[in-house]
Amino acid sequence: MTAEGMSGSYKSCWDRDLNSFPWPRLIAFWLRCENWKPLFLLTGRIPTWLQGTLLRNGPGMHTVGETRYNHWFDGLALLHSFTIKDGEVYYRSKYLRSDTYKANIEANRIVVSEFGTMAYPDPCKNIFSKAFSYLSHTIPDFTDNCLINIMKCGEDFYATTETNYIRKINPQTLETLEKVDYRNYVAVNLATAHPHYDAAGNVLNMGTAIMDKGKTRYVVFRIPAAVPEDKKGTNPLKHTEVFCSITSRSLLSPSYYHSFGVTENHIVFLEQPFKLDILKMSTAYIRGVNWASCLAFHKEDKTYIHVVDQRTRKPLPTKFYTDPMVVFHHVNAYEEDGCLLFDVITYEDSSLYELFYLANLNQDFEENCRPTSIPTLRRFAVPLSVDKNAEVGSNLIKLTSTTAKALKEKDDQVYCQPELLYEGLELPRINYARNGKRYRYVFAAEVQWSPIPTKILKYDVLTKSSLKWGEEHCWPAEPLFVPTPGAQDEDDGKTPGRGAHLPQSACDHSSNRDIVWEQCDPPSPAPVSQSWWKQALKPRSVGVQSSEFKESLKAPSLLTPTVS
Ligand SMILES: CC1=C(/C=C/C(C)=C/C=C/C(C)=C/C=O)C(C)(C)CCC1
Ligand SMILES: [Fe+2]
């Protein structure tokens, strides 16, 4: 939690073994390189209305046997939950038992490729059979190490990454359930880990269909929260539908993207010049290179802004574009006086992903980890209807609320120039009730010339002012805004700080179903030191907690993920 902090005692499954240790009120975890370092957060007060369970996901294990991953985004997914009840927080964690996890642990080495690490299942297989088996299909079978986020579909929760696989999990026990292949429901080879939700909880996500029926497309698909009455009990995924699709400008080098924007009537998709090279991907195995090497930033290209009308499900006809840039996180988007405004965190190149190679994060960190461009919050404005007779060179944006421009060009093109709002923030969150609507506050991690956040930030788009919280030895990261029940003001709520880039389920104050927790076996008691944290990371079987502790863990389950 952040500035308001939290009070109450921090209980964990290791409580009985380590209660002699002067536990801080709350411990925030931060994985820096491979060493977990406990960070003691503050004392303070958790508002009594803040009840619920925060689910989070992230890379948790970067070495298997003698082998180690190359990149931060490769680590085996470690699920965490924080149950907040009456001023106390109960923590648990569990590795996602993906097929990748099981194959690696069984082989006691990395045998499945990830973003930054190419691996081979069977080293003694000769190069020809390997080549043949991998060349047999253009798009290889990707990993199900779903380490990025948590998605809620109806009453189900899934760990997600950016491949076609998601893994269903039990939100109470963090156990891994079914492996789901999006391709069984919608033709996509990749999909973002940043879906949007409407007020009814229906999921809207995007993925890329590579060379599907001779075309490569960006596909927006919708997963209903509830199944039709006559289909009660079926899996909502079975009712997934293609909402709309945008044809990629290139068959074999579609854009890489990490998120997208929505407004009440439109969808915003940036076809950015940070591209996947499909031919390189289909030969990556036999060339022995990782997937990351199949991504490239083309600074001579443009960034195309696609706007799809949700009512017609068709892209607007005008060709909007802006300068080459790389965006991972959309913040929000909304419509005002016939214009669509969208706010994104922009980079001038794709160097951020380079920074997160563990070799860069390990030694002389300050030197290696200087991004060549700082994440910058920029606001774009796009006219939703373009006057054909508008003078070439004229600015089509007449709003007083922004200095963003949309310059009319010949042959129906419009060149968009953004307004710079704030330099040095990432992992943006908003009060999600304002998603797609006019809004005022961005909650984010302040990131200066290093990928390691140092402060939590609340930025006011209206006044261009910001509030910050930071403290020595604290590395807060992605905040999650939880509105106060019955709040009127957009920023009336709490923003608990969170470990790097992670998923969350906020709290809803309504349900109070009790859950009884089986607890993981605590690691052997040890002073809190690096070894203890390393040990804590070892996969643990689920054991049964001592009765009194279990009793105290009867927490209301309030699992309502917002978005991540
Ligand atoms: C495995 C794999 C991929 C993994 C991408 C990942 C894991 C990206 C993580 C991004 C994050 C965490 C961004 C944070 O803001 C790609 C590139 C889709 C290509 C297909 C194979
Ligand atoms: Fe993200």
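We're numbering straight along the sequence, starting at 1. Indexing begins at 1, ligand by ligand and atom by atom, following the structure's order. Both backbone and side-chain heavy atoms feed into the values below; hydrogens, waters and symmetry mates do not. All figures in this text were calculated on a predicted structure; none of them were measured in a lab.
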S.K.: Using the ring of each side chain (for Trp, its six-membered ring), is Y101 parallel, tilted or perpendicular to Y95, with breaks at 30° and 60°?
M.R.: parallel

S.K.: For a quick check under 3.5 Å, do H306 and E271 share a side-chain donor-acceptor pair by atom type?
M.R.: yes

S.K.: Hey, is T161 touching ligand 1 through its side chain, its backbone, both or neither, going by heavy atoms under 4.0 Å?
M.R.: side chain

S.K.: Which atoms of ligand 1 sit under 4.0 Å from any heavy atom of W291?
M.R.: 1 (C), 2 (C), 21 (C)

S.K.: Do any nitrogen or oxygen atoms of E162 come within less than 3.5 Å of a nitrogen or oxygen of ligand 1?
M.R.: no

S.K.: When the ring planes of F380 and F342 are compared, do they come out parallel, tilted or perpendicular, using 30° and 60° as the limits?
M.R.: parallel

S.K.: Should one rank Y353, F73, F142, Y256 by closest heavy-atom distance to atom 12 (C) of ligand 1, which comes out on top?
M.R.: F73

S.K.: Side chains of D343 and Y334: any donor to acceptor distance under 3.5 Å?
M.R.: no

S.K.: Do any heavy atoms of H329 fall under 4.0 Å from ligand 1?
M.R.: yes

S.K.: Of the options V186, V219, L204, which is the one that meets F243 in a side-chain contact (heavy atoms from CB on, under 4.5 Å)?
M.R.: L204

